[in-house]
Amino acid sequence: AQLVESGGGLVQAGGSLRLSCTASARTFSPYVMGWFRQAPGKERAFVARLRWSGAYADYVDSVKGRFTISRDAYKNTVYLQMDNLKPEDTAVYYCAARGYGSTRAPNDYDYWGQGTQVTVSS
């Protein structure tokens, strides 16, 4: 499946953005979808994950209470609502899909989008 992200941009601290990730495959039923981010000079890091059933969501501590992951199964789309953004949230954000099992490890994901830049100014 091909994953395509959108929704990144430049926002001031305290602002909001909603990222979208849509799968192009006609039939798309991953076990889990994840959002990751990579800041300059840093490794790609886990942000949030959601079982495609919608039954379980998980967040890295630094975004808890500010970010919300959700999905629209009919649209083959997963979202990341980001509120109260901080400069340290600046990164390229990637969505990823895994066919079986839920994990926070980027290397365990099978499909990746191309990434979308999020820049938060202070």
Side-chain angles (χ1 to χ4, degrees):
Q2 183 179 5
L3 305 179
V4 179
E5 299 106 335
S6 62
L10 173 64
V11 64
Q12 289 187 334
S16 298
L17 286 172
R18 188 177 80 156
L19 305 183
S20 299
C21 171
T22 300
S24 60
R26 282 190 175 184
T27 58
F28 183 68
S29 58
Y31 185 82
V32 64
M33 294 293 295
W35 283 99
F36 298 81
R37 63 188 179 186
Q38 188 166 17
K42 295 189 176 181
E43 293 186 351
R44 194 168 298 187
F46 168 78
V47 175
R49 58 178 167 162
L50 177 68
R51 287 187 190 169
W52 196 242
S53 67
Y56 175 76
D58 178 37
Y59 302 89
V60 67
D61 285 348
S62 60
V63 308
K64 283 181 180 177
R66 301 189 297 122
F67 290 12
T68 304
I69 187 171
S70 62
R71 96 287 187 243
D72 185 330
Y74 293 104
K75 295 182 179 180
N76 285 350
T77 298
V78 65
Y79 303 98
L80 186 68
Q81 177 66 42
M82 305 186 295
D83 298 318
N84 191 20
L85 282 160
K86 303 177 180 181
E88 52 263 42
D89 295 318
T90 295
V92 177
Y93 283 71
Y94 298 88
C95 70
R98 176 172 166 84
Y100 180 79
S102 185
T103 171
R104 288 186 168 194
N107 288 343
D108 290 342
Y109 282 74
D110 306 305
Y111 302 98
W112 288 86
Q114 82 287 353
T116 186
Q117 177 71 47
V118 171
T119 303
V120 184
S121 63
S122 57

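Classification of Asp89 and Lys86 as a salt-bridged pair fails, no side-chain N sitting under 4.0 Å from a carboxylate O.
Linking ILVMFWY side-chain heavy atoms closer than 4.5 Å, directly or via other members, places Val63 and Val11 in a single hydrophobic cluster. Residues Tyr79 and Trp52 are members of separate hydrophobic clusters, defined by side-chain heavy-atom contacts under 4.5 angstrom among Ile, Leu, Val, Met, Phe, Trp and Tyr. In the hydrophobic cluster analysis, where Ile, Leu, Val, Met, Phe, Trp and Tyr join through side-chain heavy atoms closer than 4.5 angstrom, Met33 is grouped together with Val60.
Between Thr116 and Gly8, the shortest heavy-atom contact is OG1-N, 3.2 Å. In terms of heavy-atom proximity, Val118 sits nearest to Leu17 at CG1-CD1, 3.9 Å. Residue Pro87 comes nearest to Ser122 through the heavy atom pair CG-CB, 3.8 Å, listed as atom of the first residue, atom of the second, then distance. Between Asp110 and Arg98, the shortest heavy-atom contact is OD2-CA, 3.5 Å. Minimum interatomic distance between Ala23 and Leu3 (heavy atoms only, all atoms of both residues): CB-CD2, 3.7 Å.
Under a cutoff of 6.0 Å and an axis angle of 45°, Arg44 and Phe36 do not form a cation-pi pair.
Between Tyr94 and Trp112, the two ring planes are perpendicular [angle over 60°; tilted spans 30° to 60°].
Between the Arg18 side chain and the Asp83 main chain, no donor and acceptor come within less than 3.5 Å of each other.
Counting non-hydrogen atoms of other residues, nucleotides and ligands closer than 6.0 Å to CD of Gln2 gives a total of 12 or fewer. Applying the 6.0 Å contact sphere to OH of Tyr111 captures no more than 12 heavy atoms from other residues, nucleotides or ligands.
One distance of note links CD of Gln114 with CD of Glu5; it measures 4.5 Å at 0.5 Å rounding. Distance check, rounded to the nearest 0.5 Å: OG1 of Thr90 to CZ of Arg37 gives 9.0 Å. Rounding to the nearest 0.5 angstrom, the gap separating the OG atom in Ser16 from the CG atom in Asn84 is 8.0 Å. The CD atom of Gln38 sits 11.0 Å away from atom CD of Gln117, with the distance rounded to the nearest 0.5 Å. Separating the CD atom in Gln81 from the CZ atom in Phe67 is a distance of 9.5 Å, to the nearest 0.5 Å.
Between Leu50 and Trp35 there is no side-chain heavy-atom pair separated by less than 4.5 Å. Between Thr103 and Phe46 the shortest side-chain heavy-atom distance does not fall below 4.5 Å.
The closest side-chain donor-acceptor pair between Thr22 and Thr77 falls under 3.5 angstrom.
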